[in-house]
S.K.: 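Following this message is one structure expressed as structure tokens.
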Amino acid sequence: MSLLEISDYRLAFDGFDGTAAVLDGIDLAVEAGDTLGIVGETGCGKSVLARSLLQLNPVPPARVVSGRILFEGQDLLRLPEAGMRRLRGRRIAMIFQDPASYLNPLLAIGTQLVDVIRGQDSAAGGVVRPRRAARALAAELLAAVGLAEPERLLDSHPHQLSGGMRQRVLIAMALAGEPRLLVADEPTTALDVTVQAQVLALISRLVADRGLTLILISHDLGVIAQSCARVAVMYAGTVVEEAPTAELLARPLHPYAQGLLAAVPDLDRPEHRPSGIPGSIPNLLRPPGGCRFHPRCPRATAECAATKPLLRELAPAHRVACHHAAP
Amino acid sequence: MSHTSRRAVLLGAGALAALPASGWSFERDGNRKVLVFAGNQGVPVLDPHVRYDWSTRMIQQSVYDGLLKYVGAPPRIIPWLAERYEESADGLTYTFHLVGNAKFHNGDPLDAEAVRFSFERGLKLNAGIAWMLKDFLKPENIVAVDPRTVRFTLDRPFAPFISYVPWWYIVNPKQVAANTVDGDNGRRWLTENAAGSGPFKLRRFDGNTLIHLDTVPDYWKGWPMGEANRLSGVIYRLLREAAPRRAALQRREIDFGTNFSPDDLEQMARLPGVAIENHAGFTTFGIKFNCQQGPTADINLRKAIAHAFDYESLITIHNGGARLMDSPFPTGMAGHVSVPDMPRKDLEKARVFLARSRVPNGDIELEYVHVQGLEDARRIGLALLDSLRALNIRVNIVGQPWTTMVARGSKPDTAPNMTSVYVTPVGTDPDTVAYQYHRDSWGLYYGMSHYENPEVWAMIAEARGMVDQTRRMAIYAEVQRRIVADQPELFGMIANRTWARRDYVKDFEFSPIRFTGEVDLYPLWIQG
Amino acid sequence: MITYLLRRAGLAALMLFGLICLTFIIANVAPSDPAALAAGPDAGRSQIEQARREYGLDRPLHEQFLRYVTDLTRGDFGRSVANGRPVGQDLARYFPATLELCLLAMALGVLAGVPLGMLSAVFKDRWIDHATRILAVSGIALPPFWFGLLLQLGFATALGWLPTSGRLSVFTEPAAPITGLLLVDSLLRGNGALFTEALSYIILPAIVLSLPCLASILRVNRSEMVEALRADYITAARANGVLRRRLIAVHALKNAMLPTLAIIGLRWGWMMSSTVLVETVFDWPGIGLYAVSSAISGDFKPVMGVTLIVGLNFMIANLVVDLLYGTLDPRLRDA
Amino acid sequence: MASRSLRLAGFLFRRSFASMLGLTLVTLIVALALLGPWIVPYPDDVAGATNLAGKLQPPSAAHWFGTDEVGNDILTRVIIGARLSLLVGLGITLAAAAIGVPLGILAGTAGGRLREAIMRVTDLFLSVPGLVLAIALVAALGPGIANAMLALVLVWWPGYVRLAESKALSIREEPFIEAARVAGAGRLRILWRHVLPNSISPLIVKMSMDIGQAILAVASLGFLGLGAKPPTPEWGAMISIARGYLPDWWWYAICPGAFIYASVLGFNLLGDGLRDILDPRSNRG
């Protein structure tokens with residue numbers, strides 16, 4: 001059994017203008033120890049998917065239409081909030097995009113960490129450790145993410161920290177409950193390029209050292225290529241291709257994935273200008289029928305508009321949802 | 001702090017809910033009782049030579065004594081600190097002989113010097129009561145002949161002299177001297193303290209909330225109800241609004257209350273254990289016309305209004321508890337005559353007068369000013385407005401603070417067309433009322449009409465200096481007729497004086513000379 | 001921070017002077033004659049003139065103003081023409097009652113408003129949210145004088161559970177004040193009976209006075225809580241397993257409390273002004289009642305004094321809020 | 001797009017129970033005020049007719065809310081009172097806005113000393129205890145609706161200066177203003193074309209709430225005996241008189257109070273609802 005198994009997961013957002021089919025039949029499996037990257041343009045639903053794992057999408061407007069998300073054999077979609085609370089942080093933890101806004105501006109770093117630690121204790125149902133003990137652990141965690149002078153840091157407030165430090169604090173928080181699965185939602189997007197690399201390296205090291213399973217979400221294939229063994233490409237609420245990273249980079253099969261790769265500037269060959277994909281992402285209130293990519297697809301046919309392509313395994317561990325894709 | 005059955009009940013809210021208005025009793029202090037009296041007006045200044053109004057004088061009368069005292073209905077003047085007095089034949093010299101045993105609360109004897117000092121102080125401060133005597137009496141003409149005799153020599157005869165003497169309270173000169181700051185003659189100190197000899201002494205004084213008086217056990221005059229029944233004291237409680245005052249009486253939180261509306265009294269009369277005091281009053285209500293300026297300077301318009309007004313409404317507003325005035329003088333005042341042909345509602349006549357006036361078709365607006373917050377005056381304004389619609393005259397009803405009203409009334413140019421004024425004569429002498437129609441009263445609140453009739457003025461001036469009472473009264477009879485003929489005001493009514501009390505309060509003694517609401521606390525006691 | 005405070009204090013002083021000018025102008029546009037009030041009802045003309053001289057009302061206006069301002073700097077608010085007492089003395093006498101009433105009302109407002117606001121935000125768009133919302137708007141819409149009368153009618157007259165008006169039973173002679181606040185004094189002296197009694201008198205007016213303030217606090221707190229609960233840092237804390245009650249009561253509330261604090265400061269200023277109505281209804285011997293009865297009788301020095309005290313109180317409240325902001329928000333603390 | 005946002009506004013508004021309640025109440029009060037003279041049972045009773053024989057009668061078929069102390073029909077007076085209250089509420093709000101908004105925009109766009117001066121004066125008036133000042137002013141000028149309104153406008157306008165100033169300040173930084181300035185548009189034109197329209201939403205919200213508060217404030221002055229002159233039917237003054245007739249004639253106080261409550265509640269709920277749609281970010285209590 002996989003650590004995480006998502007099948008036929010459909011999520012809709014109800015609004016004044018109608019219902020947006022934000023996630024449309026997601027099928028994904030993550031084995032323990034796996035590192036999976038999810039890539040796609042802004043608005044393709046990758047963050048919504050990531051938040052689904054912790055049931056953080058606000059209800060309403062979010063509404064589960066169908067599907068299952070099995071984590072360690074438990075269906076998260078049917079788990080009551082109380083059960084979910086026991087999972088958050090302890091089994092599945094998450095780090096976020098913009099560390100400035102994901103840290104409480106008014107609380108000291110220490111307080112935030114201690115609250116996380118004690119929250120975990122309480123969720124575990126055991127003894128909640130006293131504040132002092134929690135604080136000691138917090139300092140350890142800060143040290144573990146490579147922050148100097150953790151004791152002093154505990155008493156400082158987020159605005160006194162640099163972006164990279166804040167992201168490290170967030171990572172420390174995520175580690176507090178010794179989770180099995182770490183979901184990182186664009187963890188480096190808001191950071192400087194140099195800091196980005198450091199943070200990514202830190203994540204990779206932690207994953208390796210602690211035997212974590214990682215789901216890394218990014219719009220940047222380069223970031224994923226650095227840290228993930230496998231990658232899934234999302235387009236407009238569907239997974240269009242899933243493959244080992246090297247395989248996908250070498251041989252993308254879905255026209256969208258191909259377009260995405262072409263959009264990456266190749267520093268080695270400056271004359272090769274990124275081509276991009278014509279058209280824009282569809283309005284999910286009235287998504288195109290059949291394959292959601294067909295209005296922008298150079299290879300679209302009548303079939304594409306009529307029937308939705310399912311993920312087919314075209315090569316070992318390489319699955320594509322396209323009528324026309326061939327190995 | 002005293003142990004009180006009432007407070008215990010008050011705090012035990014549950015017990016209270018179970019026992020609505022039963023098991024409550026007057027306050028006890030030891031085995032004596034405290035009477036609680038509630039009124040709507042504070043006592044800003046207690047100094048007897050600086051200020052008086054009904055609530056103030058009620059407390060002053062309790063803590064101070066005068067040479068003489070008004071009692072009963074009709075009001076009589078009885079000896080008090082002075083056991084007797086003599087008046088010289090020329091009406092200039094008055095000699096008072098003091099009782100021998102009167103003493104101030106601090107034990108000092110009350111002697112002739114104290115009396116002289118007090119009158120001198122009253123005249124010198126030139127406030128409050130000073131107006132009564134200051135034109136006829138100079139401080140140096142008051143002489144303490146011996147410790148028990150004081151002699152007053154007036155500048156010229158002044159017939160009302162004795163009628164004002166009861167309001168001149170005697171203060172302890174030693175205490176005043178001890179508390180004089182910056183030569184203020186003890187004024188600051190006496191505002192909230194007392195230096196008197198009266199039946200009560202001050203225990204607690206907050207003129208805006210509550211005044212607690214204790215009875216003086218060895219009051220020099222003794223206690224009429226007997227030592228056994230003497231109260232422990234009286235609390236004057238300020239309850240500005242009628243509804244809480246009424247609720248308090250119902251719940252026996254207070255034993256005596258004043259300033260209830262006629263409608264309230266009617267309802268309260270039905271409550272068990274509540275007794276209503278309802279007595280013919282002495283306070284006239286009139287609507288003063290501005291006789292010098294504006295449309296009302298026209299006597300025909302004044303007459304038209306006087307004949308258009310629905311006088312019955314005055315009675316209805318008081319639920320029957322009022323009499324219409326039949327003279328500018330209140331009934332019961334010496335010299336009062338019932339003037340024939342007092343205007344009463346007669347629209348025919350009113351229209352005839354209107355036709356003779358400068359505004360034969362009406363179509364004007366007249367201002368009617370009353371003291372802000374006086375509910376009866378406001379309602380009378382509404383009745384006036386309704387009445388004058390028949391003459392096509394509009395009425396603008398304006399409530400103004402006392403100070404504004406007085407300021408406006410001080411000059412004919414600014415005096416309103418019509419001003420509603422209540423007047424309580426301070427003494428029983430007819431001059432008290434008559435002089436309000438004299439030129440000298442122009443601009444004072446009772447002189448807002450700026451009434452002009454030199455013949456009448458001369459008669460009034462002459463009468464106040466006359467010694468022959470029969471001739472005097474004849475002049476006053478003529479004065480009353482002349483004033484009615486000139487119609488400087490719409491003569492209204494005299495409302496009854498009313499109080500509500502618990503029925504266990506005994507020996508209330510009514511005297512119309514007191515102000516509306518004012519009660520003589522001295523004879524009161526609680527039975528049971 | 002220090003310079004900022006000095007600047008603020010300077011501005012406050014300037015505004016206080018403006019307030020003095022304003023009240024002085026208003027008091028003197030009146031066509032009334034304070035000397036007539038000072039002299040008493042039956043006073044003759046010479047007595048009125050004497051009173052006018054005594055109170056300096058015969059001086060030219062600019063001279064009166066100068067004297068008023070110089071007196072104020074010595075803490076002298078002038079004399080009331082109604083009773084000749086120094087207004088400062090009366091203010092000192094009545095202010096504690098108002099302060100006690102406002103403090104209790106504010107405590108009620110905060111203690112009820114903040115939790116209700118939280119509750120409303122947590123259960124946003126559910127029935128409990130709708131109910132608290134109507135309650136909140138009602139708190140602002142209910143005429144305090146009318147609501148006070150209704151409460152009197154119900155709890156005092158009909159049920160007889162509580163006294164109708166006043167601050168203490170007439171038979172209770174309070175000992176010399178320590179703080180002037182009866183509830184506090186009675187506790188300091190360990191006098192439980194007095195405490196219960198004082199409480200029974202203060203509770204109705206305090207409830208009436210607290211309503212608008214409760215409503216404001218509730219509204220601001222609710223919307224700020226809604227905002228805070230939507231914030232990223234709450235999502236992150238939630239994702240990391242911070243306890244729900246800690247999340248709401250500390251993480252979100254602390255952020256919501258800053259704007260709530262601002263409204264509390266603002267409301268404190270308004271409350272001192274609206275005690276006028278509540279004190280009138282409940283015969284509460286505070287500065288509001290003092291101001292109204294003085295204004296109605298045309299005695300303006302007390303009204304000016306009360307206006308100054310209330311204005312000063314408002315400025316101080318604003319200053320305190322600023323300071324609190326500085327200490328509570330670490331971003332401002334460092335700035 | 002405009003029609004869509006309009007539809008969205010309508011959708012949000014209809015979804016909110018409180019907003020709909022507010023709209024209903026306001027509509028009812030406005031309708032009563034407009035139709036008052038034609039629907040009241042005793043139109044004479046507001047002009048000063050007295051009927052002392054029929055005073056203080058309890059509610060009955062002839063007088064749904066009973067009669068008052070001079071025998072006037074309370075329902076009639078309360079309904080006609082709605083006109084006065086609405087007019088006064090509207091008048092105070094409009095006057096305050098008419099003074100405050102131009103000053104605020106001026107302060108926000110002019111900057112410098114002028115802004116400093118305007119804002120300091122505004123702060124001064126904001127720190128004035130409103131009701132106490134109004135009481136003092138009315139006591140000085142004499143009671144009457146006009147003076148009560150004057151007093152309330154005096155304490156009401158600063159709020160609008162604050163609002164307009166902050167809007168103008170925030171808009172001043174917007175690129176399109178920069179563009180307009182570069183394009184040579186005069187200051188007045190910029191004010192008129194850009195700043196004002198952008199301040200409209202919060203302004204509408206504030207005014208809608210202020211009408212309610214102004215009605216309440218006038219009633220408060222009326223209650224203290226500083227409002228309308230008799231026989232003008234004014235809710236607060238009615239309660240003030242009715243207070244003397246508690247508890248036996250309780251209906252006298254209940255009815256006008258309920259109307260004040262309903263109308264202030266209505267305008268506040270309406271304003272609240274409008275704010276949720278027009279100006280969702282602000283949340284002044």
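Each chain gets a letter, A, B and so on, in the order its sequence line appears, and its residues count up from 1.
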S.K.: Name the region of Trp250(D), side chain, backbone, both or neither, that has any atom closer than 4.5 Å to a heavy atom of chain C.
M.R.: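 Contact with chain C: side chain only.
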
S.K.: Can you sort out the partners of Asp123(D) under salt bridge (charged side-chain N to carboxylate O under 4.0 Å, His left out), two or more places apart, ordered by chain and number?
M.R.: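 Testing Asp123(D) for salt bridge (charged side-chain N to carboxylate O under 4.0 Å, His left out), a comparison that skips the adjacent residues, returns Arg120(D), Arg162(D).
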
S.K.: Measure Leu11(C) against the heavy atoms of chain D and call it side chain, backbone, both or neither at under 4.5 Å.
M.R.: side chain

S.K.: Would you indicate whether the side-chain heavy atoms of Arg243(D) and Leu149(C) approach each other to under 4.5 Å?
M.R.: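 Yes; the side chains approach each other to less than 4.5 Å.
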
S.K.: Among Val306(C), Val303(C), Leu19(C), single out the residue with the greatest number of heavy-atom pairs under 4.5 Å to chain D.
M.R.: Leu19(C)

S.K.: Heavy-atom distances under 4.5 Å only: say whether Leu224(D) touches chain C with side chain, backbone, both or neither.
M.R.: both

S.K.: Less than 4.5 Å to any heavy atom of chain C: does that hold for the side chain of Ala258(D), its backbone, both, or neither?
M.R.: both

S.K.: Is the backbone N or O of Ser80(C) less than 3.5 Å from a side-chain atom of Asp299(C), with the two atoms forming a donor-acceptor pair by type?
M.R.: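 Checking the backbone N and O of Ser80(C) against the side chain of Asp299(C), no donor-acceptor pair under 3.5 Å is found.
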
S.K.: Distance-only, no hydrogens or angles: does the Gln152(C) side chain make a donor-acceptor pair with backbone N or O of Thr164(C) under 3.5 Å?
M.R.: yes

S.K.: Among Ile254(D), Leu21(D), Ile135(D), single out the residue with the greatest number of heavy-atom pairs under 4.5 Å to chain C.
M.R.: Ile254(D)

S.K.: Val276(C), Thr275(C), Leu142(C): which one forms the most heavy-atom pairs within less than 4.5 Å of chain D?
M.R.: Leu142(C)

S.K.: Is there side-chain contact between Val87(C) and Tyr290(C), with at least one heavy-atom pair below 4.5 Å?
M.R.: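 Yes; the side chains approach each other to less than 4.5 Å.
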
S.K.: Pairs in or reaching into residues 126-160 of chain D: which pass ring-ring contact (aromatic ring centres under 6.0 Å, His included), with residues at least two apart or in two chains?
M.R.: Phe125(D)-Trp157(D)

S.K.: Pull out the residues in residues 24-32 of chain D that come under 4.5 Å of chain C, heavy atom to heavy atom, sorted by number.
M.R.: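 Against chain C, none of the residues of residues 24-32 of chain D fall inside the cut-off of heavy atoms under 4.5 Å.
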
S.K.: Which residues pass the side-chain contact (heavy atoms from CB on, under 4.5 Å) test with Ala33(D), sequence neighbours left out?
M.R.: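 side-chain contact (heavy atoms from CB on, under 4.5 Å) check on Ala33(D) returns Ala82(D), Arg83(D), Leu86(D).
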
